Enquirer: 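Quick one: the structure is below, questions incoming.
These numbers come from a predicted model, not from an experiment. Computation of the quantities below employed the complete heavy-atom set of this structure, encompassing side-chain atoms and omitting hydrogens, waters and symmetry-equivalent molecules.
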Amino acid sequence: MAFNIKTFGKLSPDQLKEEIENSKKGKGSSFKGKMIKQSDLPEGKTVFRIIPRPDHHLPWARVEEHNFYNKATKGWALFNCVASTGTHCEGCAMSQRLKDSDSKLDQEMGESGRAKAQFFMNVEFLLWGGEPVPKEMQGIKIFKFGLGIYKGSERGVTGGLLGLLERYSFIQDPMKGCAVAITKMLGNQPLDTKYLVDIEKTRVEDEDGVSEKITKTPLPSLKDTSEAGLEAFVKTLQDLGSLARLEARNEIMDKLSKFMSPEVRANRQLGAPAEEKPRKFQRATDILEGEGEEVFGPGTDDIPFDTTL
């Protein structure tokens, strides 16, 4: 698809409506790469501008990601779920087997390793935990975040970044957009930490008193706001689509083998035997939450994956 400069940063109401519906069903595309994670955010308010994606009306890319960690061996395995292709997913299978184990440690690993939605977006930080942005965080970065920031944690309510785009469609406009603020509030446990998402406003004082105002400005990194400058700016952006990759079964098996301890590997079978028909699962979240059985995987219209690099 050729880049159309006239559509850069413009929000499509139809695509946004579809995204909101898909967010309730767990649909999306798969991407992964090196980025700043939401857990890296400092306590307090962090402010950033969203960088729109060329030829994409929505600024983020999505992945269904398996992330296994073994406390006993410090083993780790991270890869994209392949269940949406209609083939056997070793990550879903491993997660379920661990969940079915009598070992509490296994059960914890199985739960943490189930496929979870993650989102990736190009951003430019303007404030870092209420302080100036550190040098290593300056410039355009890839921000990785979860469902809480994506659409909020309140059931049945479209909140988070998705809700902001629904209410303020101009947020990601490169010329007349505005900043987003995420306030991180630490809890007693990691899972208790909350991330409040809102549009950034400035306090204005006039004869009528103090009020809050939304400030619309060009992207700070966009030095040349001409059409030529905007086109040159687009060429500097990280292509989130290039981060998409579905690993081959042997690569995933190798990661899972290293993730498991030698003792566990000796007593547990990884993956389906060659002579056995591969098992096909629904999304891991459906199985683990008791909403699904061992069945054929989602169709081609459910959680589409881009397997090109």
Enquirer: Backbone N or O of E247 within a donor-acceptor pair of the N80 side chain at under 3.5 Å?
Expert: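 Not a single qualifying donor-acceptor pair exists.
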Enquirer: Measure the acute angle between the ring planes of F119 and F145, then classify it against the limits of 30° and 60° as parallel, tilted or perpendicular.
Expert: parallel
Enquirer: With a 4.5 Å heavy-atom cut-off, do F48 and L41 have their side chains touching?
Expert: no
Enquirer: When clusters are formed by joining ILVMFWY residues with side-chain heavy atoms under 4.5 Å apart, either directly or through shared neighbours, do M175 and L126 land in the same one?
Expert: no
Enquirer: For the OG1 atom of T193 and the CG atom of N188, what is their distance to the nearest 0.5 Å?
Expert: 9.5 Å
Enquirer: Grab the two heavy atoms, one from H57 and one from S12, that are nearest each other, plus how far apart they are.
Expert: CG-CB, 3.4 Å
Enquirer: May I ask you to establish whether K255 and F79 are in a cation-pi arrangement, using a distance under 6.0 Å from NZ or CZ to the six-membered ring centre and at most 45° from the ring axis?
Expert: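 Geometry flag: not set, cation outside 6.0 Å or 45°.
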Enquirer: Given the rule that I, L, V, M, F, W and Y join up when any side-chain heavy atoms are under 4.5 Å apart, are L165 and L147 in one cluster?
Expert: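 Same cluster: L165 reaches L147 through Ile, Leu, Val, Met, Phe, Trp or Tyr contacts under 4.5 Å.
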Enquirer: Could you give the distance from CD1 (I199) to CZ (R167), rounded to the nearest 0.5 Å?
Expert: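 Atom-to-atom, I199:CD1 and R167:CZ are 8.5 Å apart.
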Enquirer: Looking at CE of M253 and CD of E251, how far apart are the two atoms once the value is rounded to the nearest 0.5 Å?
Expert: 12.5 Å
Enquirer: I'd like to know if the side chain of N122 reaches the main chain of Q238, judged simply by a donor and an acceptor atom lying under 3.5 Å from each other, with no hydrogens or angles considered.
Expert: yes
Enquirer: Are side-chain heavy atoms of I171 and C178 found at a separation under 4.5 Å?
Expert: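 Yes, side chains in contact.
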Enquirer: Hey, could you give me the CG/NZ distance between L230 and K235, rounded to the nearest 0.5 Å?
Expert: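 L230 atom CG to K235 atom NZ measures 11.5 Å (nearest 0.5 Å).
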Enquirer: Of all heavy-atom pairs between P59 and M121, which one has the smallest distance, and what is that distance?
Expert: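 That closest heavy-atom pairing would be O-CG, 3.7 Å.
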Enquirer: Test your reading of the model: is there a side-chain donor-acceptor pair from T183 to the backbone of G44, 3.5 Å cut-off?
Expert: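 Not at all, since once roles are kept as given, no pair shorter than 3.5 Å links the two residues.
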Enquirer: Taking the side chain as C-beta and beyond, is there a heavy-atom pair between K116 and E65 under 4.5 Å?
Expert: no
Enquirer: Side-chain contact, heavy-atom cut-off 4.5 Å: E200 with K45?
Expert: yes
Enquirer: Determine whether a donor-acceptor pair (N or O, by modelled atom type, separation under 3.5 Å) exists between the side chain of R53 and the backbone of L58.
Expert: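 Not at all, since once roles are kept as given, no pair shorter than 3.5 Å links the two residues.
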Enquirer: For the residue pair M185 and L196, establish whether any side-chain heavy-atom pair is separated by less than 4.5 Å.
Expert: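 They are in contact (side-chain heavy atoms under 4.5 Å apart), so the answer is yes.
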Enquirer: Look at the side-chain heavy atoms of Ile, Leu, Val, Met, Phe, Trp and Tyr, link any pair under 4.5 Å apart, and say whether I149 and L186 land in one connected group.
Expert: no
Enquirer: First locate atom CG of L219, then atom CD1 of I51, and finally report the distance between them rounded to the nearest 0.5 Å.
Expert: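 L219 atom CG to I51 atom CD1 measures 4.5 Å (nearest 0.5 Å).
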Enquirer: Search all heavy atoms of M35 against all heavy atoms of D40 and return the closest pair with its distance.
Expert: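 Distance-wise, the nearest heavy atoms are O-OD2, 4.5 Å.
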Enquirer: G91 and F68: which non-hydrogen atoms are nearest, and at how many Å?
Expert: O-CZ, 3.4 Å
Enquirer: Can you name the nearest heavy-atom pair linking C89 to H66, along with the distance?
Expert: SG-NE2, 3.4 Å
Enquirer: Do any side-chain atoms of residues 127-141 form donor-acceptor pairs under 3.5 angstrom with protein atoms, and if so which ones, sequence neighbours left out?
Expert:
residue	atom	partner	partner atom	Å
Q138	NE2	V133	O	3.0
K141	NZ	E136	O	3.2

Enquirer: Could you tell me if the side chain of M109 sits less than 4.5 Å from the side chain of D106, heavy atoms only?
Expert: yes
Enquirer: Counting only heavy atoms from other residues, nucleotides and ligands, does the tally under 6.0 Å from NZ of K10 exceed 12?
Expert: yes
Enquirer: Would you find a donor on one side and an acceptor on the other, under 3.5 Å apart, between the side chain of E231 and the backbone of I5?
Expert: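 Not at all, since once roles are kept as given, no pair shorter than 3.5 Å links the two residues.
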Enquirer: With the side chain counted from C-beta on, respond yes when R249 and V82 share a heavy-atom pair under 4.5 Å apart, and no when they do not.
Expert: no
Enquirer: For residues T46 and F143, determine if any side-chain heavy atom of one lies less than 4.5 Å from a side-chain heavy atom of the other.
Expert: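 Heavy-atom side-chain distance check fails, nothing below 4.5 Å.
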Enquirer: If I take atom CD1 from residue I182 and atom OH from residue Y195, how far apart are they, to the nearest 0.5 angstrom?
Expert: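 It comes to 9.0 Å.
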Enquirer: Under a 3.5 Å cutoff, is there a donor and acceptor pairing between the side chains of T85 and T87?
Expert: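 Yes.
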Enquirer: Given side-chain contact (heavy atoms from CB on, under 4.5 Å), test D173 with K216 step by step and report yes or no.
Expert: CA-CA 9 Å; D173 190 292; K216 300 180 182 181; over 6 Å; no
Enquirer: Please assess K71 against E108 for the test side-chain contact (heavy atoms from CB on, under 4.5 Å), listing each intermediate value before the final yes or no.
Expert: CA-CA 10 Å; K71 293 180 181 179; E108 290 176 353; 3.7 Å; yes
Enquirer: Mind listing the closest non-hydrogen atom pair of F259 and A77 along with its distance?
Expert: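 So the two residues come closest at CB-CB, 3.9 Å.
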Enquirer: Would you call the rings of Y168 and F170 parallel, tilted or perpendicular if under 30° counts as parallel and over 60° as perpendicular?
Expert: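 Rings of Y168 and F170: perpendicular, over 60°.
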